[in-house]
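Report on one structure; see the data block that follows.
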Amino acid sequence: MQDPTTQLSIAFSKAIVAAFGEEYAAIDPLIKPSGNPKFGDYQANVAMSLAKRVGDNPRNVAAKIVDAIDTGDWGEKLEIAGPGFINVHLKTDYLISQLAAVATDEHLGVDQASGGKVVVDYSGPNVAKEMHVGHLRSTVIGDAIARVLAFEGYNVIRQNHLGDWGTQFGMLIENLIDAGAGADTHISDLKTFYQDAKKRFDDEPEFKDRARKRVVALQGGDEKTLELWGKLIDESKRHFNHAYQLLGVLLTDDDIRAESFYNDKLPEVITALEDAGKLKESQGAKVVYPEGFKDEEGNPFPMIVCKSDGGFLYATTDLAALRYRMNDLKADRIVYVTDSRQSQHFAMVFQTVNQCHWRPDNVQLDHVAFGTVLGPDRKPFKTRSGDTVKLIDLMEEAVNRAAGVIAEKTSDLSEDDQKNVARVVGIGALKYADLSSDRIKDYVFDWDRMLALEGNTAPYLINAYVRIQSIFRKGEIDVATVDASKIQLGEDAEKTLALKLLQFGSAVQSVASSLEPHRLCTYLYELASGFHSFYEKCPVLKDGVEPDIKDSRLALSALVARTLKEGLNLLGIDVVDRM
RNA sequence: GUGCCCGUAGCUCAGUUGGAUAGAGCAACGGACUUCUAAUCCGUAGGUCGGUGGUUCGAAUCCACCCGGGCAUGCCA
């Protein structure tokens, strides 16, 4: 379906062609929702920029567009204001028919892509290492992006690039053996397991020696060693899946394509680079020189793909993974969700596949970079003792703190319900805090702020949803019985809400193209805020409300609830019916 | 040294890719509860958008140069 922005863009484009000629068909009419109601519902800002091209003053240009436009069933009134803004007042009937169309659309007015396959690479924890706060962002942001793209109609392939290979596995396997690796061994705490192995590797020469030999055995494909290695992976997956389940992300074992998956493809990468004429030698290592990268002396800056001892590096693995995703998975777009410290690395990897002409023209590569989670001291978030914060601990604390907030409020919820609300609100708050600010920036972690009922937080949004559920519960009304075509927009608060509801599609669309989930958060916050204003001003069930007004407000509320629920779902956040 | 990113109210953040008087929340102050749940709403106050130039009808947004801060900079990932 066409939202107002799309519909107006088409009408304005036609008017521009009618007024100035076919050569202006590609001009963007610059339609935006008006920031201020006194400037109408939407505005077209095209007249000012067009004025120079057609050699006329902007207000004349605006007048010609207004004369030529067919306002069809949507335009109530068009006004020219200021230097040449065209302010559009929409017909109420049009808004209502649009609301009805959105309400009957299972995608709530989100345009569906005509196919296309997108690989989203996210989370990527390391085997035998505890997931920590550093994994939160990749996992949460990546999951939201995967959900949004799937909702847009893309075929989304999630890829969890587990770190399951490398020299550290020598010490980890030896440590596992010493811990008594039996068939039913469980590692209760990955963090101490890893730290213990590391400490022994540093302190015990005998252990270090065994670890080195074990690496050779692993790389040589020794059966017993591979079995132990597999044990480590299974144990780690058990931990990861527990975290994913509590966090509520989509990742499953089927999404795992670990580093080791690419082991047998690494020699091909080197051969292919050689065939492309891009493989060079430098100080005994094999390297490529991606264009545009220079070292401190201004010389070409290498990316090492094969060490002087013959070993491969993560650049090699990433090239192999990229080739696999383009050639075997047939992806049209490949999205990497990692922290911004890897920006240069990915820029070099992407540049390399471009230079080798490995990337088909239609394939788009994106590095979705994000900043660091900071503590109150504005330094990377750590525990009091200076340790990294375990992801599990973070989630447990979120739930506990949410439970504390709930307990403060009087509530008739059962104990089980309270637990569930604490889980949904706590985890939702944690994820929303991570998603709601521009991902490229670092953000300051603050429990009180993310759990606050005011402001741009998950609890505030969930509360708006809960209030709507409360209305239907109180009125004993089945949501399925409301009819959006019966909506009336008599009050300003109702109209504001209606306009906001119609913008869900473009909000989702802008996340799909920019890969910035915070845009959806901003939208949902404005929607929830608009609902709360409406809730204050526009009684629904109270005495004295005419039946048709009541039905209208119920329909409006129902659509807000659906939009909030769907929007939060796209962010990977649940709702509850009462809190 | 070089490259990338960031700098907006006391604090935490938005700002729809160049549009109208830069917006929220917190904190401060003043209002609204026999309630469809006050877990909310309404109002007041708070700004040299790091700085200086430039581009143009118009700049927080684009370009240049500075100032601060973060990150990355060949054989870890």
Side-chain angles (χ1 to χ4, degrees), chain A residues 5 30 32-36 38-39 43 45 48-49 51-52 57-58 81-85 87 124 126 163 165-168 259 282-287 292-298 301-309 311-315 317-318 338-345 347 369 371-372 374 378 405-406 408-412 436-438 440-444 446 448-449 452-457 459-460 462-464 466-468 470-475 503 506-507 510 514 518-519 521-523 525-526 529 532-533 535-542 545 553 557 578-579:
Chain A
T5 305
L30 301 173
K32 299 182 193 322
S34 294
N36 188 327
K38 77 178 177 187
F39 297 137
Q43 58 181 261
N45 297 338
M48 284 86 76
S49 54
K52 195 177 298 169
N57 79 62
F85 296 104
N87 294 334
N126 292 314
W165 201 252
T167 51
Q168 74 275 24
E259 267 178 69
S282 171
Q283 299 169 31
K286 294 190 173 84
V287 306
F293 295 88
K294 302 203 182 309
D295 70 8
E296 47 267 8
E297 276 130 36
F301 185 65
M303 181 171 77
I304 302 177
V305 292
C306 185
K307 296 193 282 187
S308 47
D309 69 2
F312 302 114
L313 289 133
Y314 75 132
T317 310
D318 276 333
T338 78
D339 69 272
S340 60
R341 289 177 303 191
Q342 295 185 53
S343 291
Q344 180 176 279
H345 166 69
T372 310
L374 305 177
R378 286 207 147 262
V405 174
I406 292 159
E408 279 175 23
K409 314 292 176 189
T410 51
S411 171
D412 55 352
S436 58
S437 64
D438 191 356
I440 197 66
K441 297 180 184 175
D442 297 345
Y443 79 92
V444 178
D446 183 335
D448 292 336
R449 189 152 38 82
L453 278 300
E454 298 91 28
N456 189 8
T457 68
Y460 180 84
I462 295 170
N463 183 234
V466 164
R467 283 189 154 186
I468 297 169
S470 170
I471 292 173
F472 281 89
R473 195 168 48 241
K474 192 101 173 179
Q503 287 155 20
S506 61
S510 93
S514 68
H518 81 282
R519 294 176 185 236
C521 297
T522 302
Y523 169 82
Y525 174 58
E526 287 169 356
S529 176
H532 276 128
S533 297
Y535 184 85
E536 294 291 326
K537 282 180 201 139
C538 302
V540 181
L541 302 177
K542 285 181 180 170
V545 179
R553 289 176 180 171
S557 299
R578 329 168 52 135
M579 63 192 274

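Here is how names work: the chains are called A, B, and so on, in the same order as the sequence lines, proteins then strands, and each is numbered from 1.
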Ring centroids of A:Phe301 and B:G74 base under 5.5 Å with planes under 30°: no
message: Less than 4.0 angstrom between a side-chain N/O of A:His532 and OP1 or OP2 of B:A39, yes or no?
response: no
message: Is the phosphate of B:U16 approached by A:Lys32 (side-chain N or O, under 4.0 Å from OP1 or OP2)?
response: no
message: Regarding A:Phe293, tell me which of base, sugar-phosphate or nothing describes its non-hydrogen contacts under 4.0 Å with the strands shown.
response: nothing
- prompt: When rounded to the nearest 0.5 angstrom, what is the spacing between CD1 in A:Ile468 and CZ in A:Arg553?
  reply: 14.0 Å
message: Give me the distance, rounded to whole Å, that separates B:A45 from B:U37 when you measure between the P atoms they each carry.
response: 34 Å
query: What about A:Asn87, does its side chain sit under 3.5 Å from the base of B:A20 through a donor-acceptor pair?
result: yes
- prompt: What interatomic distance, in whole Å, is found between C1' of B:G51 and the corresponding atom of B:A59?
  reply: 16 Å
- prompt: Does A:Ser510 place a side-chain N or O at less than 4.0 Å from the phosphate oxygens OP1/OP2 of B:U16?
  reply: no
statement: Of A:Gln283 and A:Glu454, the one whose nearest nucleotide on RNA chain B sits closer to the 5' end is A:Glu454
- prompt: For A:Phe472, which contact category applies under a 4.0 Å heavy-atom criterion: base, sugar-phosphate, or nothing?
  reply: nothing
task: Please work out if A:His345 contacts a base, only the sugar-phosphate, or nothing of the nucleic acid, heavy-atom cut-off 4.0 Å.
output: nothing
message: Say we look at B:A22 and B:C49: how far apart would their C1' atoms be, to the nearest angstrom?
response: 8 Å
query: At under 4.0 Å between heavy atoms, what does A:Ile304 touch on the DNA or RNA strands: base, sugar-phosphate, or nothing?
result: base
message: For B:C5 and A:Ser343 - does any side-chain N or O of the residue sit under 4.0 Å from the phosphate oxygens OP1/OP2?
response: no
message: I want to check one thing: is the phosphate of B:U12, taken as OP1 and OP2, less than 4.0 Å away from some side-chain N or O of A:Arg378?
response: yes
query: Given B:A20, is OP1 or OP2 found less than 4.0 Å from the side-chain N or O atoms of A:Lys38?
result: no
- request: Compare side-chain N and O positions of A:Lys52 against OP1 and OP2 of B:U56 and report whether any pair is under 4.0 Å apart.
  value: no
message: Over all strands shown, is A:Glu526 touching base, sugar-phosphate only, or nothing at heavy-atom distances under 4.0 angstrom?
response: nothing
- request: Determine the contact category for A:Ala464: base if any of its heavy atoms lies under 4.0 Å from a base atom, sugar-phosphate if only primed atoms, P, OP1 or OP2 are that close, otherwise nothing.
  value: nothing
message: Any base atoms under 4.0 Å from A:Ser49, or only sugar-phosphate, or nothing? Heavy atoms, all strands.
response: base
message: Taking only the C1' atom of each, what is the distance from B:C11 to B:G47 in whole angstrom?
response: 15 Å
- request: To the nearest 0.5 angstrom, please state how far the OH atom of A:Tyr443 sits from the CG atom of A:Asp438.
  value: 13.5 Å
query: Which whole number of Å gives the distance between the C1' atom of B:U34 and that of B:A14?
result: 40 Å
message: Taking B:U2 as the reference, what is the distance to B:G19 when you measure between their C1' atoms (whole Å, please)?
response: 37 Å
- request: Name the nucleic acid region contacted by A:Val540, choosing base, sugar-phosphate or nothing; use a 4.0 angstrom heavy-atom cut-off, strictly under.
  value: base
- request: Select base, sugar-phosphate, or nothing to describe what A:Asp446 touches, counting heavy atoms under 4.0 Å on all strands.
  value: nothing
- request: Would you tell me if any nitrogen or oxygen in the side chain of A:Lys441 comes within less than 4.0 Å of OP1 or OP2 on B:A14?
  value: yes
query: How many angstroms lie between CZ in A:Arg519 and OG in A:Ser506, if you round to the nearest 0.5 Å?
result: 10.5 Å
- prompt: Across the strands shown, which category fits A:Tyr523 at heavy-atom distances under 4.0 angstrom: base, sugar-phosphate, nothing?
  reply: nothing
query: Under a 3.5 Å cut-off for both distances, is B:U55 Watson-Crick or wobble paired, and to whom?
result: none
message: Looking at B:C41, I'd like to know if its phosphate oxygens (OP1 or OP2) sit under 4.0 Å from a side-chain N or O belonging to A:Lys537.
response: no
message: Using Watson-Crick or G-U wobble geometry with both distances under 3.5 Å, which nucleotide pairs with B:C49?
response: none
query: How long is the gap from NZ on A:Lys286 to CG on A:Leu313, to the nearest 0.5 Å?
result: 12.0 Å
query: Between B:A39, B:U17, B:C57, which nucleotide has the shortest distance from any of its atoms to the side chain of A:Asn463?
result: B:A39
message: If I pick the C1' atom on B:G31 and the same atom on B:G68, what distance separates them, to the nearest angstrom?
response: 42 Å
- prompt: Is the distance from OP1 or OP2 of B:C26 to the nearest side-chain N or O of A:Tyr460 less than 4.0 Å?
  reply: no
message: Measuring only the C1' atom in each nucleotide, how far is B:C62 from B:C76? A whole number of Å is fine.
response: 40 Å
- prompt: Which residue, A:Glu297 or A:Ser470, contacts RNA chain B at a nucleotide closer to its 5' end, judged by nearest heavy atom?
  reply: A:Glu297
